[in-house]
Peer 1: 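What follows is a structure written as structure tokens; I'll ask about it next.
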2 protein chains.
Amino acid sequence: MNLEHIAKLSGVSRSTVSRVINNEPSVTDTTRERVLEVIQRLNFQPNVVARSLAGGRTRVLGLVIPMGVARLFTDPYFPIFIQGVTSACNAHDHSMMLWLAEPEYERRMINQIVNAGLIDGVIISSSLIDDSLIDSLIGDNLPFVLIGRHPTNASINYVDVDNRESARQVVNHLLRKGRRRIATITGPQNMIAGLDRLEGYLIGLREWGLIPDPELIVDGSFSEEGSYLAVNRLLSRPIDAIFAASDTMAVGAIRAVREAGYRVPEDISVVGYDDIPLAAHTVPPLTTIRQPTQKMGALAVETLIDIIENPGLPPRRIILSTELVIRESD
Amino acid sequence: MNLEHIAKLSGVSRSTVSRVINNEPSVTDTTRERVLEVIQRLNFQPNVVARSLAGGRTRVLGLVIPMGVARLFTDPYFPIFIQGVTSACNAHDHSMMLWLAEPEYERRMINQIVNAGLIDGVIISSSLIDDSLIDSLIGDNLPFVLIGRHPTNASINYVDVDNRESARQVVNHLLRKGRRRIATITGPQNMIAGLDRLEGYLIGLREWGLIPDPELIVDGSFSEEGSYLAVNRLLSRPIDAIFAASDTMAVGAIRAVREAGYRVPEDISVVGYDDIPLAAHTVPPLTTIRQPTQKMGALAVETLIDIIENPGLPPRRIILSTELVIRESD
DNA sequence: CTGAAAGCGCTTACAG
DNA sequence: CTGAAAGCGCTTACAG
């Protein structure tokens with residue numbers, strides 16, 4: 001079943017059927033109705049592939065998540081984010097193609113993405129700073145939006161949350177609670193979220209005239225286990241609070257703190273970041289930063305479609321605000 | 001840049017370039033080398049869309065996960081499974097398209113999947129029993145494989161683990177440890193994994209001549225919270241063990257048990273299913289069934305490609321074995 | 001072993 | 001407002 005088929009049955013040409021399908025205004029209402037009736041009766045679905053080849057647009061969006069990101073395997077952040085992307089794709093009549101970028105295939109994949117013409121644009125989540133994929137995309141003029149701002153290139157479209165501001169707010173909150181020896185478990189420093197959350201922590205301390213102690217800054221790589229190990233090391237020094245750059249790391253931190261015989265929050269406060277579903281159910285329930293994860297996914301899709309349909313406009317740089325959710329870990 | 005372009009530069013016809021790209025044997029080595037040299041020099045990538053339209057095959061596979069499955073948001077099972085699918089797609093030069101099936105869009109989506117010609121086949125994960133998508137797929141002759149066996153239709157291809165046998169094994173293990181009042185937290189009974197794990201539990205009890213007590217069977221809907229609530233209800237009766245049909249539910253069970261003042265495993269054993277990464281790190285570490293989640297994803301892809309390339313062969317029904325991992329929750 | 005040509009199912013100037 | 005025709009970039013009989 002194809003356009004020709006529908007055309008014959010409704011007594012018009014293939015061109016007209018195409019126009020009806022694409023909602024072009026230049027069709028009589030009566031003609032339109034006649035054609036639509038046939039389309040519906042036959043439950044006709046135009047062939048996406050042919051449409052793409054002729055029209056130069058596939059209505060398929062790529063979502064790239066670097067696999068190196070170990071988070072993926074344990075952090076509920078991703079499913080929630082992906083859900084936001086998928087819903088928005090559905091709502092805008094697009095499809096989503098997921099790529100988990102494995103290093104071994106990366107080169108071939110970049111090529112596929114950029115040159116094969118399968119997709120109209122790309123969303124890159126949790127990209128590493130200076131990801132070579134970004135350069136490829138720029139070089140080949142394929143529209144893309146980043147989740148997380150780009151530190152240097154101002155012409156790149158992105159959707160992000162205000163990581164620095166919210167981290168600063170966490171530190172501020174802890175300081176107001178009387179904490180003074182605040183440690184932080186950071187994410188990888190080659191990811192913008194890792195970088196910015198650390199910077200916010202530093203800003204927060206300095207605002208209160210405190211000098212950050214490098215020994216209280218340890219890397220947890222956005223993983224539960226990484227954080228657990230980091231906090232074990234940390235506990236040899238006197239600390240009274242921990243800001244973990246993700247809830248998953250906060251969970252690891254709490255585990256380490258309690259195993260060492262300290263109480264949360266009486267001895268050591270623990271604050272996280274993300275507000276994943278689990279955060280409300282840890283013991284004690286986690287104070288954390290709520291970020292609109294699902295909304296970021298949806299906004300990324302909408303921004304990308306906008307860029308595809310309106311090239312040449314100035315870059316969109318969208319920063320969403322967050323919210324400090326105070327529960328019982330302090 | 002297209003075939004014509006490459007053809008001109010290497011002094012052959014478009015047809016020959018196509019043959020080289022598709023590795024057809026009927027090309028002289030010298031011709032082949034000449035063409036390949038040009039392709040590599042220009043880093044040429046054939047247009048996937050045109051290829052699909054002409055060849056009738058897109059090399060794109062769809063992965064459908066019903067969103068109703070609340071698990072998705074909290075259960076690490078999915079990222080691991082998706083990772084298996086993606087890797088296998090890469091390895092076999094295919095791409096993967098992810099659909100999270102939202103009820104509201106479902107009808108349109110089925111149409112898209114089945115009729116738009118965008119994909120060569122579909123993998124359905126965690127499908128509900130009697131999912132209407134399955135009927136659509138059968139009706140339209142689109143190749144597909146299920147994760148989880150189909151209870152009635154023997155002609156359907158699937159990859160599954162032996163849920164019944166492994167659940168039976170868990171019960172057997174607990175009975176050998178001297179437990180006699182064994183409760184189970186089940187998954188939804190409209191999912192084959194939920195169904196089969198319950199059945200295995202029943203078989204295990206009966207093997208020892210025990211009569212299952214309906215009051216010890218409660219639904220946890222494959223979620224942490226669902227399980228927590230279910231176990232709260234359960235604790236009014238004297239029980240000495242809980243078999244949770246997923247690790248995520250086991251975590252909820254442990255939480256409820258401990259909050260009620262009982263010890264795990266001294267008072268109540270808790271055994272899970274899945275062996276997610278967290279299972280080794282719960283307090284106490286979880287005894288559970290390890291299933292080859294990633295491998296299931298990869299096998300589903302390979303099976304699907306096989307079906308696409310060799311239609312008409314008898315249905316593949318693949319059952320993978322599992323492993324009881326004994327840790328400290330008993 | 002290779003090339004010329006038809007065809008995959010659409011879109012889109014162009015002409016009327 | 002509508003149709004005939006060219007074209008998107010490939011694959012694949014067919015002929016030689």
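Owing to the predicted nature of the structure, the values given are computational and were not obtained by experimental measurement. Per chain, numbering begins at 1; letters A, B, ... match sequence-line order.
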Peer 1: Between B:R317 (side chain) and B:Y158 (backbone), is there a donor-acceptor pair under 3.5 Å?
Peer 2: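 Absent.
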
Peer 1: Grab the CG-P distance between B:N23 and C:dC1 for me, whole Å please.
Peer 2: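 So the CG-P distance, B:N23 to C:dC1, works out to 14 Å.
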
Peer 1: What integer distance in Å separates A:R51:CZ from D:dG9:C1'?
Peer 2: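 A:R51 atom CZ is separated from D:dG9 atom C1' by 19 Å.
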
Peer 1: Return the value, rounded to whole Å, for the distance between atom CG of A:L3 and atom P of C:dT11.
Peer 2: 6 Å

Peer 1: State which of C:dA5, D:dA5, C:dC10 makes the closest approach to the side chain of A:A50.
Peer 2: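 Nearest nucleotide to the side chain: C:dC10.
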
Peer 1: Quick one: label A:T16 by what it contacts on the DNA or RNA (base, sugar-phosphate, nothing), any heavy atom closer than 4.0 Å.
Peer 2: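 Touches sugar-phosphate only.
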
Peer 1: From the list C:dG3, C:dG9, D:dT11, which nucleotide is the closest neighbour of the side chain of A:L53?
Peer 2: C:dG9

Peer 1: Closest approach to the side chain of B:T31, judged atom by atom: which nucleotide of C:dC1, C:dT11, D:dG9 is it?
Peer 2: C:dC1

Peer 1: Atom CD of A:E4 to atom C1' of D:dG3: distance rounded to whole Å?
Peer 2: 11 Å

Peer 1: Between A:P25 and B:N2, just flag the one whose closest nucleotide in DNA chain D comes earlier from the 5' side.
Peer 2: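 Nearer the 5' end of the strand: A:P25.
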
Peer 1: Within the structure, does a side-chain N or O atom of B:S13 lie under 4.0 Å from either OP1 or OP2 of C:dG3?
Peer 2: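 Looking at the OP1 and OP2 atoms of C:dG3, one of them is under 4.0 Å from a side-chain N or O of B:S13.
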
Peer 1: Is the backbone N or O of A:A7 less than 3.5 Å from a side-chain atom of A:R14, with the two atoms forming a donor-acceptor pair by type?
Peer 2: no

Peer 1: Measure from the side-chain heavy atoms of B:R14 and tell me the nearest of C:dC10, C:dG3, C:dA6.
Peer 2: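 Nearest to the side-chain atoms of B:R14, counting from C-beta on, is C:dA6.
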
Peer 1: Please give me the minimum heavy-atom distance between A:L3 and A:S18, naming the atom from each residue.
Peer 2: CD1-CB, 3.9 Å

Peer 1: Within the distance-only criterion (no hydrogens, no angle test), does the side chain of A:D120 pair as donor or acceptor with the backbone N or O of A:T58 below 3.5 angstrom?
Peer 2: yes

Peer 1: Can you measure A:I21 atom CD1 to C:dT12 atom P for me and round it to whole angstrom units?
Peer 2: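 From A:I21 CD1 to C:dT12 P: 12 Å.
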
Peer 1: Output the single nucleotide from D:dA5, D:dC8, C:dG3 whose closest atom is nearest the side chain of A:A54.
Peer 2: D:dC8

Peer 1: Hey, is the side chain of A:R19 poking within less than 4.0 Å of OP1 or OP2 on D:dT2, counting only N and O atoms?
Peer 2: no

Peer 1: Counting side-chain heavy atoms from CB outward, which of D:dG9, C:dT11, C:dG3 is closest to B:N47?
Peer 2: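 In terms of side-chain proximity for B:N47, the closest of D:dG9, C:dT11, C:dG3 is D:dG9.
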
Peer 1: To the nearest Å, give me how far apart CG (B:L118) and P (C:dC10) are.
Peer 2: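 That distance rounds to 13 Å.
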
Peer 1: Between D:dC1 atom P and A:E24 atom CD, what is the distance in whole Å?
Peer 2: 12 Å

Peer 1: B:R57 has an atom CZ; how far is it from atom C1' of C:dG9, in whole Å?
Peer 2: 20 Å

Peer 1: Starting the side chain at C-beta, find the nucleotide from D:dA5, D:dC10, C:dC10 nearest to B:F44.
Peer 2: D:dC10

Peer 1: Any sub-3.5 Å donor-acceptor pair from A:N157's side-chain atoms to A:R316's backbone N or O?
Peer 2: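 Yes, the answer is positive, given that a donor and an acceptor are paired below the 3.5 Å cut-off.
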
Peer 1: Suppose we define a pair by two distances each less than 3.5 Å, Watson-Crick or G-U wobble; what does D:dC14 pair with here?
Peer 2: C:dG3

Peer 1: Once you apply a heavy-atom cut-off of 4.0 Å, does A:V12 come out as touching a base, just sugar-phosphate, or nothing?
Peer 2: sugar-phosphate

Peer 1: For D:dT11 and B:N22 - does any side-chain N or O of the residue sit under 4.0 Å from the phosphate oxygens OP1/OP2?
Peer 2: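 True: B:N22 side-chain N/O within range (under 4.0 Å) of D:dT11 OP1/OP2.
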
Peer 1: So how far is it from A:I305 CD1 to A:R59 CZ, rounded to the nearest 0.5 Å?
Peer 2: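 With rounding to 0.5 Å, CD1 (A:I305) is 7.0 Å from CZ (A:R59).
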
Peer 1: For A:S18, report the nucleic acid contact type (base, sugar-phosphate, nothing); a contact means any heavy atom under 4.0 Å.
Peer 2: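 A:S18: base contact, heavy atoms under 4.0 Å.
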
Peer 1: So B:T28, base contact, sugar-phosphate only, or nothing? Heavy-atom distance under 4.0 Å.
Peer 2: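 Contact class for B:T28: sugar-phosphate only.
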
